[in-house]
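One structure is given below, encoded as structure tokens.
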Amino acid sequence: MEHTLVLVKPDGVQRGLIGEVISRLERRGLRLVAAKFLNVSQELAETHYAIHKGKPFYDGLIRYITSAPVMAMVWEGPNAVAAVRQTMGSTRPTEAAPGSLRHDYALEVGRNLTHGSDSPENGVKEVELWFHPDELVSWERSVDPWIFE
Ligand code: DAT
Ligand code: MG
């Protein structure tokens with residue numbers, strides 16, 4: 001089953017939107033695998049956003065993600081990466097589809113509430129970066145056959 005890392009970033013935590021994000025992913029049918037609430041270290045932030053190093057927004061991005069706690073989660077499901085990114089909406093909130101989280105709750109690219117892995121391969125890498133293997137819970141729901149074909 002495909003895994004994706006989901007972060008409720010500091011703005012989402014401060015604004016009391018952890019529950020809203022979880023609720024939407026649950027409602028979609030995705031299955032929660034792991035969750036933890038943490039302050040992001042400088043080192044974790046820099047590794048997580050290494051691909052953006054050198055870009056004009058990089059320093060602000062690191063300051064943002066380390067500015068307050070985040071809710072880090074792993075979600076799974078068929079096409080979990082694409083499903084989560086669709087539920088979150090485009091990176092720029094003003095380009096996010098109506099009904100998506102970033103459309104409904106955000107205005108600025110630098111305060112866009114959530115992170116979701118951008119490919120199944122990066123989903124695997126990011127889950128390894130943020131979680132120990134023994135933090136991942138393997139389980140089944142009675143409704144799974146009604147959601148997973
Ligand atoms: P996403 O978070 O949708 O995967 P990304 O990986 O391209 O987007 O960028 C990571 C984060 O960096 C993004 O959520 C917000 C910030 N960011 C990206 N492009 C930006 C820009 N042009 N100006 C300011 N912040 C930006
Ligand atoms: Mg990204």
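As the structure lists them, so they are numbered: ligands from 1, and atoms in each ligand from 1. In this text the structure is predicted, and so the values were computed from the model without any measurement.
Ser117 places a side-chain N or O within donor-acceptor distance of the main-chain N or O of Leu5, the cut-off being under 3.5 Å. Looking at Thr87, its side chain never comes within 3.5 Å of a backbone N or O of Val84 through a donor-acceptor pair. The closest donor-acceptor contact from the side chain of Arg102 to the backbone of Val109 lies at 3.5 Å or more, if one exists at all. With Arg31 contributing its side chain and Trp139 its backbone, the two residues share a donor-acceptor pair below 3.5 Å.
The protein heavy atom nearest to atom 4 (O) of ligand 1 is Arg85 NH1, 3.0 Å. Protein heavy atom in closest approach to atom 14 (O) of ligand 1: Asn112 ND2, 2.8 Å. Distance from atom 21 (C) of ligand 1 to its nearest protein heavy atom, with residue and atom name: Phe57 CD2, 3.4 Å. With hydrogens left out, the protein atom closest to atom 11 (C) of ligand 1 is Leu61 CD1, 3.8 Å, a heavy atom.
For ligand 1, one of its N or O atoms has an N or O atom of His52 under 3.5 Å away. The shortest N or O to N or O distance between His115 and ligand 1 is not under 3.5 Å. Residue-to-ligand polar distances keep Tyr49 apart from ligand 1: every N/O pair is separated by 3.5 Å or more.
Distance check, rounded to the nearest 0.5 Å: NZ of Lys53 to OH of Tyr58 gives 4.5 Å. Atom CG of residue Leu25 and atom CE of residue Met73 lie 6.5 Å apart, to the nearest 0.5 angstrom.
The heavy-atom pair separating Val70 from Lys9 by the smallest distance is CG1-CA, 4.2 Å. For Phe131 against Ala34, the heavy-atom pair with the smallest separation is CE2-CB, 3.7 Å.
Using a non-hydrogen distance threshold of 4.0 Å, Lys55 does not register as a contact of ligand 1. Contact between Val109 and ligand 1 is present, with at least one heavy atom of the residue lying under 4.0 Å from the ligand.
The ligand atoms of ligand 1 that sit less than 4.0 angstrom from a heavy atom of Lys9 are 14 (O). Near Arg102, meaning under 4.0 Å from any of its heavy atoms, are these atoms of ligand 1: 2 (O), 3 (O), 14 (O).
Considering Thr4, Leu32, Leu136 in turn, Leu136 is the only one that fulfils the side-chain contact (heavy atoms from CB on, under 4.5 Å) rule with Val74.
At a heavy-atom distance under 4.0 Å, only side-chain atoms of Arg92, from C-beta outward, approach ligand 1. At a heavy-atom distance under 4.0 Å, no atom of Met88 approaches ligand 1. The residue His48 has no part lying near ligand 1, judged by heavy-atom distances below 4.0 Å. Both the backbone and the side chain of Thr91 come within contact range of ligand 1, each with a heavy atom under 4.0 Å.
Connection of Val81 to Trp75 is not established within any shared hydrophobic cluster, with ILVMFWY side chains joined at heavy-atom distances below 4.5 Å, either directly or through further cluster members.
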